[in-house]
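Being a predicted model, the structure only gives us computed values, none of them experimental. Labels below follow one simple rule: chain letters A, B, ... track the order of the sequence lines, proteins then strands, and each chain is numbered from 1.
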Amino acid sequence: MTTRVLVPSGVLGLGFDSAALAAGVATHPDIIAIDGGSTDSGPFYLGTGTSKYSRAACKAEWKQLMQAREQAQIPLVITSCGTCGTDSMVDWMLDITRELAVELSQSLTVATLYSEVAPGFVKQQLVNKKIQPLAPEIHIDEASIESIDHIVALAGAEQINAALATGADIVLAGRATDTAGISAMPLARGEPQGAAWHGAKIAECGALCSTNPTSGVIALEVDETGFCVWPLAESAMCTPHSVSAHMLYENADPHTLYEPGGALDVHDARYSAIDERRVRVTGSLWIASDQYTVKLEGARAVGYQSTLMAILRDAHYVTNAKVWVKRLTAFLENEISTRMGLEKGDYDVEFRLIGIDATLGELEVKVSNPSEVGVLVLVSAQSEELADELAKLINPFLLHYPLKDNEELPTFAFPYSPAQTNRGAIYEFCLNHVLVLGDPMDVFRLEVHQL
Amino acid sequence: MMKVGEQVKKIRSKNAGPFWITVDVFCGDDETYQKMNTLLSSNMIAELYRVPVETLKRFAIPGLSVLKFSFPRSVVQGGRFDRDMHGAQMSVLLAELDLALETDENKQA
């Protein structure tokens with residue numbers, strides 16, 4: 001058998017070439033699959049259960065995909081709805097889908113797959129020894145799990161196929177592995193597991209596996225002995241190099257990819273050009289694991305932050321910026337202690353010198369001679385009010401603090417008013433673990449809606 | 001002067017999940033790959049990024065003329081002390097590494 005998957009782009013919200021999508025629909029795919037999320041943009045989105053991309057951008061693209069689905073009469077799947085894949089983001093996509101169903105006069109069966117797991121349940125599973133650490137090991141205990149704002153389990157192909165098995169026209173899935181939505185239908189139709197997962201990994205970032213990454217749309221065809229992949233935009237090509245190099249991307253191990261239920265092994269994969277735009281891959285292996293595990297992701301608030309920004313242009317201060325920060329830091333510690341009664345452990349003030357070492361910090365080895373230096377001040381504390389108060393206390397000294405006591409007071413450039421910005425709560429990723437399941441659907445929830 | 005970035009076709013770095021950074025060195029041809037494979041040791045990369053060498057994974061991929069290094073982030077992605085969410089600027093450190101100086105230092109040592 002042969003199963004064709006059309007992948008419109010690496011993520012909903014980033015855009016794709018409409019002509020390429022139309023060309024993809026014309027190839028008679030069996031399913032359209034797109035990813036909606038990632039941890040790439042940091043812990044804020046999972047911590048708050050919100051989307052990185054604008055609703056308008058997602059809706060405009062989803063509309064095109066719903067039209068393509070209607071035309072092709074095949075299922076449409078999105079995984080990791082709304083960046084983080086929480087339950088709230090699956091419902092967000094369901095709202096968008098409802099609005100579009102009315103606008104497009106479509107009658108649809110929609111399956112929603114929820115991936116969120118309650119901290120209390122994870123705590124219990126830790127006690128039951130069903131939580132296993134991945135490298136590098138992050139310490140967790142019952143109390144720390146309790147403080148996590150959102151935990152999601154990454155669905156694999158089994159859960160996506162359970163959603164497809166409802167007969168849904170559209171599947172809106174919570175957090176899942178990047179590959180699960182693409183590998184699901186080939187696996188359900190009995191295509192070889194190695195080829196299905198390897199093909200999914202190659203196609204999961206859309207046209208990033210081609211010579212023109214921004215064109216978006218990719219076609220994947222999985223069959224009995226391997227898979228073929230090619231881009232739909234006329235300007236793009238897939239070459240054995242562009243395809244095989246994609247296994248390196250965002251992957252700590254270029255030969256092995258862990259998924260729920262096993263691992264993809266591409267040590268012996270062979271890549272060959274069918275023509276100048278299409279590549280065929282054979283020899284990918286799937287190694288089933290003894291137990292079925294799903295990866296967990298969690299994010300929690302760790303405090304509040306306000307920032308300040310000043311720019312030093314005076315050459316005397318630019319040259320001595322590090323000395324100035326050291327002196328200012330000591331001065332501020334004393335001021336904060338005497339005026340607010342706070343000790344060093346109660347808050348954190350960090351200066352980052354843009355133009356000197358803001359990106360690499362202590363790893364920086366290059367000594368540069370910038371004409372100006374941006375001073376970014378990160379003020380963190382346990383309450384929003386305190387972070388804001390501290391920033392306001394720092395404000396006049398950031399503006400005027402001299403390098404030496406007997407110097408005239410300088411006045412640096414503040415780029416806007418007010419100088420301080422309230423960033424609200426700040427978050428951190430706090431789980432790098434897998435959860436052992438007896439049945440793949442154990443922590444996942446499926447609902448079917450008629451629109 | 002023998003900066004790594006001037007010797008090879010491309011160097012990139014990226015987060016691989018919230019806990020890892022991976023650095024890909026595309027050598028471009030087999031001759032450069034053979035040379036870099038000898039010069040870019042695990043110890044050298046671990047020292048450059050200040051990570052324990054036992055946590056660093058090194059992959060030599062002759063078919064692609066690629067060397068790949070992966071290591072746990074010293075600060076978890078997006079945490080309060082993170083400076084580069086996507087870790088994509090980390091590659092610059094390796095690109096600007098002067099191998100002529102490195103080998104001189106080795107000779108002196």
Side-chain angles (χ1 to χ4, degrees), chain A residues 38-47 134-138 154 178 240-256 258 267 269-271 295 297-299 302-303 305 348 350 352 354 357-366 376 378 380 426-432, chain B residues 3 9-10 12-26 28 47-52 54-61 63-98 101:
Chain A
S38 165
T39 54
D40 260 24
S41 300
F44 175 83
Y45 305 98
L46 180 56
L134 298 172
E137 187 169 345
I138 306 294
L154 276 69
D178 293 346
H241 189 273
S242 75
V243 170
S244 58
H246 192 67
M247 272 308 288
L248 305 170
Y249 189 69
E250 292 183 332
N251 208 6
D253 181 334
H255 306 303
T256 314
Y258 293 94
H267 275 98
R270 289 174 303 279
Y271 304 78
K295 195 175 171 193
E297 287 168 356
V302 287
Q305 194 169 74
D348 185 74
E350 190 189 357
R352 294 192 188 169
I354 300 169
D357 60 2
T359 312
L360 294 170
E362 59 183 15
L363 296 181
E364 184 58 80
V365 288
K366 193 171 185 174
L376 173 64
L378 306 176
S380 309
I426 53 172
Y427 295 85
E428 70 177 13
F429 285 120
C430 48
L431 285 176
N432 190 27
Chain B
K3 287 189 176 171
K9 191 176 165 197
K10 184 170 121 182
R12 72 178 180 193
S13 61
K14 189 75 174 63
N15 59 309
F19 304 99
W20 290 81
I21 292 283
T22 190
V23 184
D24 299 337
V25 183
F26 292 84
E47 198 175 312
L48 184 69
Y49 289 102
R50 300 200 199 169
V51 293
E54 59 275 15
T55 64
L56 183 126
K57 297 181 185 184
R58 183 183 192 276
F59 301 94
I61 311 165
L64 288 170
S65 301
V66 162
L67 291 167
K68 183 179 179 74
F69 304 92
S70 301
F71 49 86
R73 295 174 85 116
S74 54
V75 173
V76 174
Q77 181 192 9
R80 205 206 308 170
F81 300 105
D82 187 22
R83 291 167 176 268
D84 179 6
M85 195 75 53
H86 303 85
Q89 294 296 306
M90 297 283 276
S91 61
V92 176
L93 262 184
L94 180 56
E96 292 183 353
L97 181 71
D98 191 339
L101 288 177

For B:D24, is it the side chain, the backbone, both or neither that has a heavy atom under 4.5 Å from a heavy atom of chain A? side chain
Proximal component of A:I138, with respect to chain B [non-hydrogen, under 4.5 Å]: side chain
Are side-chain heavy atoms of A:L248 and B:R12 found at a separation under 4.5 Å? yes
For A:S41, is it the side chain, the backbone, both, or neither that has a heavy atom closer than 4.5 Å to a heavy atom of chain B? both
Does any backbone or side-chain atom of A:T359 lie under 4.5 Å from a heavy atom of chain B? Answer side chain, backbone, both or neither. both
Taking the side chain as every heavy atom from C-beta outward, state whether B:I61 and A:P254 have any atom pair closer than 4.5 Å. yes
Output yes when B:R83 and A:E362 qualify as a salt bridge under the 4.0 Å nitrogen-oxygen rule, no when they do not. no
Interatomic spacing from CG in B:L93 to CG in A:L363 - rounded to 0.5 Å: 5.5 Å
Okay, B:E96 and chain A: the region with an atom under 4.5 Å from a heavy atom over there is side chain
Side chain / backbone / both / neither for A:L376 at chain B, heavy atoms under 4.5 Å: neither
Side chain to side chain contact (heavy atoms under 4.5 Å, CB included) between B:M90 and A:L360, intermediate numbers included: CA-CA 7 Å; B:M90 297 283 276; A:L360 294 170; 4.1 Å; yes
Which answer fits B:F19, side chain, backbone, both or neither, if we ask what part of it has an atom under 4.5 Å from a heavy atom of chain A? both
Sorted by chain and number, sequence neighbours left out, ring-ring contact (aromatic ring centres under 6.0 Å, His included) with A:Y45 holds for none
Flag the one option from A:A252, A:G42, A:A135 with the top tally of heavy-atom pairs under 4.5 Å to chain B. A:A252
Return the option, out of A:E297, A:R352, A:H255, with the maximum number of heavy-atom pairs under 4.5 Å with chain B. A:R352
Return the minimal non-hydrogen interatomic distance between A:T39 and B:G17, and the atom names on each side. OG1-CA, 4.4 Å
Atom pair CZ/CE of A:F44 and B:M85 - distance to nearest 0.5 Å: 11.0 Å
Nearest 0.5 Å, what's the CE-CZ distance between A:M247 and B:F59? 10.5 Å
Is there a side-chain contact between A:L378 and B:R80, using heavy atoms and a 4.5 Å cut-off? no
Result of checking B:H86, B:K14, B:Q77 against A:D40 for side-chain hydrogen bond (donor to acceptor under 3.5 Å, both in side chains): B:K14
Interface residue of largest heavy-atom contact number with chain A, from B:G79, B:S70, B:S13, under 4.5 Å: B:S70
Please examine the side chains of A:E428 and B:V76, heavy atoms only from C-beta on, and report whether any two atoms are closer than 4.5 Å. no
A:Y249: what forms a ring-ring contact (aromatic ring centres under 6.0 Å, His included) with it, not counting sequence neighbours? A:H246
Specify which of B:D82, B:D84, B:T22, B:L64 makes the most heavy-atom pairs with chain A at under 4.5 Å. B:L64
Quick check on B:F81 against chain A: is it the side chain, the backbone, both or neither that has a heavy atom closer than 4.5 Å? both
